Amino acid sequence: MKSEKSRIYSALAPLYDTLMKDVDYEMWADFIDEVIQTHHPNPTQILELACGTGAISLHLSEYEEYELTATDQSPAMVERARQKAAELEAPVQFDTMDFTDIKSSASFDIIFSVFDSVNYLHTSEDILKMLRGCHRILNPNGLLIYDFSTPQNSLEAVDYLNNEEGSFGNYRYFRESKYDPELQFHYNEFDIEEMSDDGLTVINRFREVHKQRIYSLQEMLSIVEQTPYHLVAKYEGFDLVDADENSTRITMVLQCQKQRL
Ligand SMILES: C[S@@+](CC[C@H](N)C(=O)[O-])C[C@H]1O[C@@H](n2cnc3c(N)ncnc32)[C@H](O)[C@@H]1O
């Protein structure tokens, strides 16, 4: 039996949609669309960063005429997204890309990223790299939309995320979750087992340790202030309601002002 420490979102990729089965991605895609239509109606080219298995872009492709490209660092997540797109005959282009090293010959009206993905960036320098990369490929007045989770969210969520278990097909997983409020790091540790077809024997074990830096609103605003983006809005949850320090998930809407960063 092999036992290995995997890069994040590799061994977890076949289980990801099971892990997220209670997430209302359709509502989330509607919210992103509402933000787009409120602040930049009728965009053409849209890029999603850290798309995972593609749920948001696949939903958007069902009811909007956007030209959608969706990217993620993990080849296994992108592969799963491509399979889903093929099954749905959805016109979304999926590619692998690290959002701290954005490379694209195309330019975009909208770039977005959802569901804590930006919390995988552990320093303000990494966030600045992401912001600068997006700035280079956004059209003038284009929008960068991304959410992040806050200390309030980790304090509320850590207990119900801890000791979670589940299974899908030949895989089963166990998750431990812990939050360090002083350093503002949230850890989710997944033990994943691949079972034989008869379900009696473990044939592979994997371990993924997910470490996320949790940002307060003030910290995120200080980072954004170092860039020429114009802050259009900061929304709480999934409504067009202004966020504050008590918000658990904040969606930033930044407008690209074209000058050198
Ligand atoms: C919590 S998942 C969210 C996925 C997707 N946005 C969703 O809503 O289901 C975080 C995603 O961020 C991706 N990710 C983490 N670091 C990344 C990086 N540096 N560049 C691109 N994607 C990254 C992971 O591969 C993973 O798919």
Side-chain angles (χ1 to χ4, degrees), residues 6-33 35 46-61 68-85 92 94-104 110-134 137 144-150 153-154 157 161 164 168 173 175 177 185-190 192 206 208-215 237-238 248-252:
S6 315
R7 276 185 66 123
I8 60 166
Y9 292 102
S10 51
L12 201 64
L15 286 159
Y16 185 76
D17 288 339
T18 302
L19 209 57
M20 298 302 160
K21 63 182 184 316
D22 295 330
V23 176
D24 190 344
Y25 279 110
E26 194 173 356
M27 179 274 296
W28 207 327
D30 285 348
F31 171 63
I32 293 296
D33 208 26
V35 173
I46 299 199
L47 173 67
E48 180 175 3
L49 305 176
C51 66
T53 58
I56 301 285
S57 282
L58 291 171
H59 276 298
L60 287 176
S61 75
L68 287 154
T69 305
T71 60
D72 195 279
Q73 175 178 249
S74 158
M77 296 292 268
V78 170
E79 187 48 39
R80 183 71 200 110
R82 285 184 181 140
Q83 286 165 4
K84 286 161 66 178
V92 182
F94 286 101
D95 293 316
T96 50
M97 189 168 72
D98 177 345
F99 61 11
T100 61
D101 184 21
I102 289 179
K103 293 190 175 85
S104 172
I110 307 287
I111 302 178
F112 74 90
S113 172
V114 304
F115 211 166
D116 304 349
S117 302
V118 164
N119 294 94
Y120 281 94
L121 301 175
H122 294 171
T123 63
S124 52
E125 288 70 30
D126 279 342
I127 295 187
L128 283 167
K129 265 191 215 164
M130 189 268 289
L131 295 176
R132 290 185 177 117
C134 292
I137 60 168
L144 173 59
I145 303 165
Y146 64 91
D147 72 57
F148 64 98
S149 70
T150 68
N153 185 60
S154 284
L161 293 175
E164 184 198 23
F168 176 71
Y173 70 89
R175 173 199 334 225
S177 190
F185 278 113
H186 196 132
Y187 298 86
N188 282 291
E189 301 183 0
F190 294 91
I192 300 155
F206 306 93
E208 290 195 12
V209 179
H210 293 213
K211 179 178 176 185
Q212 288 174 292
R213 170 68 161 83
I214 306 304
Y215 295 93
F238 301 101
T248 52
R249 178 179 306 286
I250 299 176
T251 298
M252 306 291 282

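Counting starts at 1 for both ligands and their atoms, in listed order. Treat the numbers as computed from the prediction; the structure is a model and nothing was measured.
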Counting heavy atoms only, which of D98, I102, V114 comes nearest to atom 19 (N) of ligand 1?
D98
Donor-acceptor check, side chain of N119 to backbone of S149, threshold 3.5 angstrom: yes or no?
yes
Short question: side chain of R249, backbone of D147 - any donor-acceptor pair under 3.5 Å?
no
For A29 versus H59, what's the shortest heavy-atom pair and its separation?
CB-CB, 3.6 Å
For Q212 and H210: C-alpha separation, side-chain torsions, deciding distance, then whether side-chain hydrogen bond (donor to acceptor under 3.5 Å, both in side chains) applies.
CA-CA 7 Å; Q212 288 174 292; H210 293 213; over 6 Å; no
Could you tell me which atoms of ligand 1, counted from 1 in the order shown, lie closer than 4.0 angstrom to a heavy atom of G52?
4 (C), 5 (C), 27 (O)
By number and element, which atoms of ligand 1 are closer than 4.0 Å to a non-hydrogen atom of S117?
3 (C), 6 (N), 10 (C), 11 (C), 12 (O)
Measure the distances from the heavy atoms of M20 to every atom of ligand 1 and state whether one is below 4.0 angstrom.
no
Ligand-side contact atoms (ligand 1) for residue partner A50, heavy atom cut-off under 4.0 Å
4 (C), 5 (C), 6 (N), 12 (O), 13 (C), 22 (N)
Determine whether a donor-acceptor pair (N or O, by modelled atom type, separation under 3.5 Å) exists between the side chain of E48 and the backbone of I56.
no
Within a distance under 4.0 Å of any heavy atom of S74, pick out the atoms of ligand 1 and give their elements.
25 (O)
Considering the heavy atoms of F115, write down every atom of ligand 1 situated less than 4.0 Å from one of them.
1 (C), 3 (C), 8 (O)
If we check side-chain contact (heavy atoms from CB on, under 4.5 Å) with Y146, which of these qualifies: V114, L49, L131?
L131
In the protein, which heavy atom is nearest to atom 3 (C) of ligand 1, and how far is it?
Y16 OH, 3.3 Å
I'd like to know if C51 contacts ligand 1, where contact means a heavy-atom distance under 4.0 Å to any ligand atom.
yes
Mutual orientation of the aromatic rings belonging to F238 and W28 [parallel < 30°, tilted 30-60°, perpendicular > 60°]:
perpendicular
Could you list which atoms of ligand 1 come closer than 4.0 Å to a heavy atom of M77?
27 (O)
Rounding to 0.5 Å, atoms OH (Y9) and OG1 (T53) come to a distance of 10.0 Å
In the protein, what heavy atom is nearest to atom 27 (O) of ligand 1, and what distance, to one decimal place, separates them?
D72 OD2, 2.7 Å
Quick one: does any side-chain atom of D72 pair with a main-chain N or O of V78 as donor and acceptor, under 3.5 Å?
no
Under 4.0 Å, heavy atoms only, figure out whether ligand 1 is touched by the backbone of Q73, its side chain, both or neither.
both
Please state which option from F99, Y25, W28, Y9 has its nearest heavy atom closest to atom 20 (N) of ligand 1.
F99
Just to be sure I read this right, does ligand 1 sit under 4.0 Å from the backbone of Y120, its side chain, both, or neither, counting only heavy atoms?
side chain
Below 4.0 Å from ligand 1: does a non-hydrogen atom of M97 turn up there or not?
yes
For D95 and A70, indicate whether the former's side chain and the latter's backbone hold a donor-acceptor pair under 3.5 Å.
no
